[in-house]
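Report on one structure; see the data block that follows.
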Protein chains: 2
Amino acid sequence: MAKTDVLSLAILGMLAEQPLHGYQIRKRLSGELGPFRALSYGSLYPCLKRMVASGYIAADDSNSTDVTRPGGSKRSRIAYQLTDAGTDRLARELASSGASSWDDEAFDVRFSLFGKTDSETRLRILEGRRTRLAERLEDVAEGLARQRDRLDAYTAELQRHGLERVEREVEWLDKLIEDERSATRGTDHHTASAGDK
Amino acid sequence: MAKTDVLSLAILGMLAEQPLHGYQIRKRLSGELGPFRALSYGSLYPCLKRMVASGYIAADDSNSTDVTRPGGSKRSRIAYQLTDAGTDRLARELASSGASSWDDEAFDVRFSLFGKTDSETRLRILEGRRTRLAERLEDVAEGLARQRDRLDAYTAELQRHGLERVEREVEWLDKLIEDERSATRGTDHHTASAGDK
DNA sequence: GTTAGCATGTAAGGAGTTACATGATTTT
DNA sequence: AAAATCATGTAACTCCTTACATGCTAAC
């Protein structure tokens, strides 16, 4: 288990704020995470089903308050909400930078949940992501050096642009890391910081 | 058919320069396209197989020049090269901005083949890509406006950063488009052009 | 002589998409 | 009353990765 697929984590985080039904989850997910992620229903509903089966969320199919029809089959709108197990699961997930939060997608989801994450973990994730990008940078630079001559102008430009993009993301991370550190110094530092490690 | 999967296009383009064997193709592919694409063998070899079956490439399993062994089974190193059909296919693919070249991945591959693409097609692809990104920009801006209040600081920052990234890519494309246009005016325009700039 | 890297492949499976199929509710 | 949009779901398929399985060749 523990193989937290990214989607279910995002859903857990979303349901922590309020119960939602599938259709709403999809819209928010699409909006919340950058210009990415158009997530299809064919992906979402089976995931919700699995999560119900695992006991992390409960389907509240109350067609409810208005039982005019004998068959009672209005059927639309199934609201999902976190169970206790789901709340636990989310808390555990949020506390550890567990199953690789460094991939592009996983990082975005983790980052969008930073509001519910403690500052130590935030820092760990930001630094992990930074390390990962720095490695990529090295790989590319190395690759470039090895085959420099064989590259036509367009391929070289593509490389340059890709490199630039990653460099900018590293700068972004550096800024965030710095902010995080100064915020920590200011506020919730509980153990004295004297020292070594 | 016609459903040009990206990988096979990249391979066609690569083999147009020289015959290569699978292992080499993979290394180049990994290097050539930005910091992306680590492409596994489990993906590559079946694709090569399909392409052989379709007649676009030929497998030259010559263990050849050195037939000391009676069984002749050295087996390593299968060089692939374009067939006539493959050359045709590549030419057709390169001439049309066919099956959506606007996705992130497809665009990168198409761009890396710009050296073999005529300038009209180059322009069409660059502009198509630009349009696609501008649309995304609109979608995000709209989404942002609609839910502005419900966003915590981190999610908002993620959005902002995503937006910035796309904006930069649009700028990059604008620069390329401009270059492409002025190059066209300068050189391969057969109606004269005494240039200013 | 053993490790590291070159070289080819297959099988199982994950994660998602498209297309389909259905029906309720709101807006025009 | 028609059209748009809300709402849920399934089945088939695509594309890719991981893990496995094999063997050659160069370097240390």
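Proteins come first, then strands; the chains are lettered A, B, ... in the order of their sequence lines, and each starts at number 1. These figures come from a predicted structure and were not determined experimentally.
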Taking the side chain of [X] as heavy atoms from C-beta outward, which of [options] is closest to it?
X	options	value
B:Lys27	C:dC6, D:dG9, C:dG9	C:dC6
A:Asp5	C:dG16, C:dG9, D:dT8	C:dG16
B:Leu7	D:dC16, C:dG16, D:dC6	D:dC16
B:Ser43	C:dG9, D:dG9, D:dC16	D:dC16

Inset, instruction - Could you identify which residues of residues 46-53 of chain B place a heavy atom less than 4.0 Å from some atom of DNA chain C, listed by residue number, or say none? - result: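 DNA chain C contact set from residues 46-53 of chain B: B:Lys49.
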
Legend entry - Sole residue of A:Phe107, A:Trp172, A:Phe111 in ring pair (Phe, Tyr, Trp, His ring centres under 6.0 Å) with B:His161: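 So the option named by the test is A:Trp172.
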
Under 3.5 Å donor-acceptor pairs involving side-chain atoms of residues 8-26 of chain B, not counting sequence neighbours:
residue	atom	partner	partner atom	Å
B:Ser8	OG	B:Asp5	O	3.0
B:Ser8	OG	B:Asp5	OD2	3.3
B:Glu17	OE2	B:Lys116	NZ	2.5
B:His21	ND1	B:Gln24	OE1	3.1
B:Gln24	OE1	B:His21	N	3.2
B:Arg26	NE	B:Leu39	O	2.7
B:Arg26	NH1	B:Tyr41	OH	3.3
B:Arg26	NH2	B:Ala38	O	3.2

Legend entry - Residues in salt bridge (Lys or Arg N to Asp or Glu O under 4.0 Å) contact with A:Lys27, at least two apart in sequence or another chain: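 If we apply the salt bridge (Lys or Arg N to Asp or Glu O under 4.0 Å) test to A:Lys27, skipping adjacent residues, there are no hits.
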
Legend entry - Within-4.5 Å side-chain heavy-atom neighbours: B:Arg89 and B:Leu82: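 No - every pair of side-chain heavy atoms lies 4.5 Å or more apart.
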
Inset, instruction - Check whether any side-chain heavy atom of B:Leu94 sits under 4.5 Å from a side-chain heavy atom of B:Arg110, and report yes or no. - result: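 Sidechains of B:Arg110 and B:Leu94: in contact.
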
Legend entry - Candidate pair A:Arg129 and A:Asp104, rule salt bridge (Lys or Arg N to Asp or Glu O under 4.0 Å), full reasoning: CA-CA 9 Å; A:Arg129 173 72 175 169; A:Asp104 295 322; 2.9 Å; yes

Legend entry - Whole-Å gap separating C1' (C:dT25) and NE2 (A:His21):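 To the nearest whole Å, that distance equals 12 Å.
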
Legend entry - Given DNA chain C, 5'-ward residue of the pair A:Ser40 and B:Gly22, judged by closest heavy atom: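 Going by which nucleotide is closer to the 5' end, it is B:Gly22.
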
